[in-house]
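Single-structure report; data block below.
Order of the sequence lines sets the chain letters (A, B, ...), proteins ahead of strands, with each chain counted from 1.
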Amino acid sequence: MTTNSVSLPDARPVRVRFAPSPTGFLHIGGARTALFNWLYARHTGGTFLLRIEDTDAARNSQEAVEVILTGLRWLGLDWDEGPLTGDASAPGKGAVGPYFQSQRGDRYRERVAWLVANGHAYEHEGAIRFRMPRDPIVIPDLVVGKVTRELTDREKLEPDFVIVRSDGQPVFHLVNVVDDLDMGITHVIRGEDHLSNTAKHIALFRAFGVAPPEYAHIPLILNIDGSKMSKRDKGASLLSYIEEGFAPEAVANYLCLLGWSPKGNREVVSLPEVVSLFDLPQILRHNARFDLKKLHWLNGEYIKTMSGERFHELAVQALQRMGFNTAAFPAAYVKAAVETAKPKVKQFTEVRHFAAFYFRDELEFDTAELRTELLATDRVLLGRLRAAFAAVAAWDAKSSEAALKAVATEAAVKIGLLVHPLRLAVSGSPVGPSLYHALEVLGREKVLQRLDWVLNQAPA
RNA sequence: GACCCUAUCGUCUAGCGGUUAGGACACCGCCCUUUCACGGCGGGUGCACGGGUUCGAUUCCCGUUAGGGUCGCCA
């Protein structure tokens, strides 16, 4: 029997929560904690609650809460109980609210008074301290196993810890436990950074005379170099993935793969399927490093199978964020243009390279060198290509391809000699969508215009 | 300093005493091709180290090392 197979079937319906502090920032690790809680609730048919731990007035604002709500909604993590907006005083959804700690002061005062009255806590220099047991506390953990936590040397000097500051504000350990108790939380799924603190929480639950919830401490997400991911690190904020053009389903899928596996050599797994496969004991115990390249690949996988409509929606969104006024172009043109980028794009910010040229009046080169390179091409050859294009009867991908190949054959050159400068001339970039399809979408007029521009420039 | 957790390719992982240690990303090579990209095929790289236990350890135990976490009138 391994140490972590400790869970017996529990009659109580599962109630889990994500309890972030509104810092104006949703950490990617926090997002994964929320995801794992959500997965467990959905897997067990339980309830997922969102609780805002805004006891620290200094870092508390409505906007900061909205960041969390927006991030969770973007990932597709809906909560059964919790706030509806960032407004702490507004009513939330659920029977055990308020779901903002700033609104629960009475509960905390009541609980603290009880602890003091029953000898579990006492006032000391204006603050209230909890009488912490001196003996080691055993933490049964669904992922880590049985952990015996002894006091550290510092704690031995003063084992009792503050639960209410001298200014009257209750402290995290107290409010966290009181809320979990009052909200009927059955499983606490949180980052491993809380494992050591759990001894305090268990002691508090016992003082209140109730059994602590089940615990599941999940490993942390580290930077790719193994250092801890702090707020400052690139990619630490969930918001950055929204801005960098990732699809939420890809990010959620990738997060699932960190510390958990669907087995069977699979990587692409939809959230509904993860819901059915997910369970706590299978979570890995070691930290994972965040590999942006794999997320990038995974995002590409999702884009490949994405409907044209959804791709269109997200691509246009990305273009507009980059300042392209796609609305100024005919809808059919935008649709066709964006479509040519779909097979090549792995991230929505990349539509800039694959579709921006459709929406620019002036040719813009990726680099100055490319401009020089284009102006150095054989004008005679390019002129013949222009003439052939002008003579094509019906302008489409097939006919422009045929025309280009005919010119190449006639001139006895490899088609690459035409293709490369042509691509540069119409898009300003050496990489892009299927060239002939791009020509078709762009329209003959614009193609000839851009070729003329090159032909009229002084040779490099 | 003390306490706690962890350790399979560069990265994410499968493996739960006997395997040619599997997959994916990344990387390299080849093919396809619209000299790019996309796609296809192929390739290399791994059980941190040292002791046990065992007929046999990647797998179990102990230690070392390394990484991470915690010890706050922050959450």
Next on the checklist: Is there a ring-ring contact (aromatic ring centres under 6.0 Å, His included) between A:His43 and A:Phe36? Walk through the geometry before answering.
Outcome noted: CA-CA 10 Å; A:His43 175 76; A:Phe36 279 20; over 10 Å; no
Checklist entry - Considering only heavy atoms from C-beta outward, does the side chain of A:Pro433 approach that of A:Tyr358 to under 4.5 Å? => result yes
Checklist entry - Is the ring centre of A:Tyr254 less than 6.0 Å from the ring centre of A:Phe290? => result yes
Checklist entry - Are side-chain heavy atoms of A:Pro219 and A:His286 found at a separation under 4.5 Å? => result no
Checklist entry - Do any pairs count as a ring pair (Phe, Tyr, Trp, His ring centres under 6.0 Å) and have a residue in residues 400-444 of chain A, sequence neighbours left out, and if so which ones? => result none
Checklist entry - If you draw a 6.0 Å radius around NZ in A:Lys342, do more than 12 non-hydrogen atoms from other residues or ligands fall strictly inside? => result yes
Checklist entry - Between atom CG in A:Leu204 and atom P in B:rA75, what is the gap in whole Å? => result 14 Å
Next on the checklist: Of the options B:rG15, B:rG23, B:rC71, whose atoms approach the side-chain atoms of A:Lys200 most closely?
Outcome noted: B:rC71
Item to check | Closest to the A:Leu222 side chain, choosing from B:rG39, B:rU34, B:rG68 | outcome: B:rG68
Item to check | Sugar-phosphate only, base, or nothing, as touched by A:Pro430 at under 4.0 Å among non-hydrogen atoms | outcome: base
Checklist entry - At under 4.0 Å between heavy atoms, what does A:Asn197 touch on the DNA or RNA strands: base, sugar-phosphate, or nothing? => result base
Checklist outcome for this item: B:rA7 -> Watson-Crick or G-U wobble partner, both distances under 3.5 Å, gives B:rU65
Checklist entry - Quick one: which of B:rU34, B:rC73, B:rG69 gets closest to the side chain of A:Val171? => result B:rC73
Next on the checklist: Work out how far the C1' atom of B:rU59 is from that of B:rG1, and round it to whole angstrom.
Outcome noted: 35 Å
Checklist entry - Does NZ belonging to A:Lys414 count more than 12 external heavy atoms closer than 6.0 Å? => result no
Checklist entry - Is it true that A:His124 and A:Phe130 have ring centroids separated by less than 6.0 Å? => result no
Checklist entry - Does B:rU34 have a Watson-Crick or wobble mate here (both distances under 3.5 Å), and if so which one? => result none
Checklist outcome for this item: Within residues 418-429 of chain A, the residues having a heavy atom closer than 4.0 Å to RNA chain B are A:Val419, A:His420, A:Arg423
Checklist outcome for this item: Regarding the side chain of A:Ser434, the nearest nucleotide among B:rU11, B:rA37, B:rU34 is B:rU34
Checklist entry - What nucleotide among B:rC12, B:rC73, B:rC36 has an atom nearest to a side-chain atom of A:Arg289? => result B:rC12
Collect all protein-nucleotide pairs involving nucleotides 2-5 of chain B in which both atoms are nitrogen or oxygen and the distance is under 3.5 Å.
{"from": "B:rA2", "atom 1": "O4'", "to": "A:Asp153", "atom 2": "OD2", "distance (Å)": "3.0"}
{"from": "B:rA2", "atom 1": "O2'", "to": "A:Asp153", "atom 2": "N", "distance (Å)": "3.1"}
{"from": "B:rC3", "atom 1": "O2'", "to": "A:Glu150", "atom 2": "O", "distance (Å)": "3.2"}
{"from": "B:rC5", "atom 1": "O2'", "to": "A:Glu192", "atom 2": "OE2", "distance (Å)": "3.0"}

Item to check | Pair A:Trp395 and A:Phe389, ring centroids less than 6.0 Å apart | outcome: yes
Item to check | Separation of the P atoms in B:rA14 and B:rA48, to the nearest angstrom | outcome: 15 Å
Next on the checklist: At 4.0 Å (heavy atoms only), tell me whether A:Leu417 reaches a base, stays on the sugar-phosphate, or touches nothing.
Outcome noted: base
Pairs under 3.5 angstrom, nitrogen or oxygen only, protein versus nucleotides 42-49 of chain B, please.
none

Next on the checklist: Go nucleotide by nucleotide along RNA chain B from the 5' end; which of A:Arg129 and A:Gly264 gets its closest nucleotide reached first?
Outcome noted: A:Gly264
Item to check | Test log, rule salt bridge (Lys or Arg N to Asp or Glu O under 4.0 Å), inputs A:Asp153 and A:Lys156 | outcome: CA-CA 5 Å; A:Asp153 55 357; A:Lys156 277 176 183 155; over 6 Å; no
Next on the checklist: Counting the atoms with a prime plus P, OP1 and OP2 as sugar-phosphate, which does A:Gly259 contact under 4.0 Å by heavy atoms, base, sugar-phosphate, or nothing?
Outcome noted: sugar-phosphate
Item to check | A:Ile185 vs A:Leu49 side-chain heavy atoms within contact, under 4.5 Å | outcome: yes
Item to check | Residue pair A:Thr340 / A:Phe354, side-chain heavy-atom distance below 4.5 Å | outcome: no
Next on the checklist: Using atom C1' in both nucleotides, what's the gap between B:rU58 and B:rC9 to the nearest angstrom?
Outcome noted: 13 Å
Give each protein N/O atom lying under 3.5 Å from an N/O atom of nucleotides 26-32 of chain B, with the pair distance.
none

Checklist entry - With a 4.0 Å cut-off on heavy atoms, is A:Lys405 in touch with a base, just the backbone sugar-phosphate, or nothing at all? => result sugar-phosphate
Checklist entry - What does B:rG29 pair with, Watson-Crick or G-U, if both distances are under 3.5 Å? => result B:rC41
Next on the checklist: Other residues, nucleotides and ligands only: do more than 12 of their heavy atoms fall within 6.0 Å of NZ on A:Lys446?
Outcome noted: yes
Next on the checklist: Taking B:rU6 as the reference, what is the distance to B:rC47 when you measure between their C1' atoms (whole Å, please)?
Outcome noted: 15 Å
Next on the checklist: Taking any heavy-atom pair under 4.0 Å as a contact, classify A:Ile415: base, sugar-phosphate, or nothing.
Outcome noted: sugar-phosphate
Checklist outcome for this item: Between A:His173 and A:Leu435, whichever has its closest RNA chain B nucleotide further toward 5' is A:Leu435
Next on the checklist: Using the C1' atom as the point on both nucleotides, what is the distance between B:rC60 and B:rG23, in whole Å?
Outcome noted: 27 Å
Checklist entry - So, does A:Arg285 use its side chain to make a donor-acceptor pair with the main chain of A:Val143 at under 3.5 Å? => result yes
Checklist outcome for this item: Closest of B:rA75, B:rG68, B:rC73 to the A:Glu125 side chain is B:rC73
Next on the checklist: Base, sugar-phosphate or nothing for A:Lys414? Non-hydrogen atoms, less than 4.0 Å.
Outcome noted: nothing
Checklist entry - In whole Å, what separates the P atom of B:rU8 from that of B:rA2? => result 26 Å
Item to check | Basic-acidic side-chain contact under 4.0 Å: A:Arg104, A:Glu53 | outcome: no
Item to check | Rounded distance in Å - CG (A:Asn287) to P (B:rC12) | outcome: 10 Å
Checklist entry - Is any side-chain nitrogen or oxygen of A:Lys263 closer than 4.0 Å to OP1 or OP2 of B:rG15? => result yes
Checklist entry - A:Ala288 near the nucleic acid: base, sugar-phosphate alone, or nothing, with a heavy-atom cut-off under 4.0 Å? => result sugar-phosphate
Checklist entry - Which is true for A:Glu267 with a 4.0 Å heavy-atom rule: it touches a base, it touches only sugar-phosphate, or it touches nothing? => result base
Checklist entry - Does any pair with a residue in residues 16-26 of chain A pass salt bridge (Lys or Arg N to Asp or Glu O under 4.0 Å), and if so which ones, sequence neighbours excluded? => result A:Arg17-A:Asp180
Item to check | Check: A:Asn37 side chain, A:Ile189 main-chain N or O, donor-acceptor pair, under 3.5 Å | outcome: yes
Item to check | Who pairs with B:rC73 - Watson-Crick or G-U, where each distance is under 3.5 Å | outcome: none
Next on the checklist: Measuring only the P atom in each nucleotide, how far is B:rC31 from B:rG22? A whole number of Å is fine.
Outcome noted: 28 Å
Checklist outcome for this item: Of the listed B:rU34, B:rG39, B:rA75, the closest approach to the A:Lys304 side chain comes from B:rG39
Checklist entry - Hey, does A:His353 reach any base, or is it just sugar-phosphate, or nothing, if we go heavy atoms under 4.0 Å? => result nothing
Next on the checklist: Just the rounded figure in Å: distance from P of B:rU33 to CG of A:Leu404.
Outcome noted: 15 Å
Next on the checklist: What contact category does A:His194 fall into here, base, sugar-phosphate, or nothing, at under 4.0 angstrom with non-hydrogen atoms?
Outcome noted: base
Checklist entry - Any donor and acceptor pair, going by atom type alone, linking the side chain of A:Asn299 with main-chain N or O of A:Ala247 inside 3.5 Å? => result yes
Checklist entry - P atom, B:rG15 versus B:rA7: distance in rounded Å? => result 13 Å
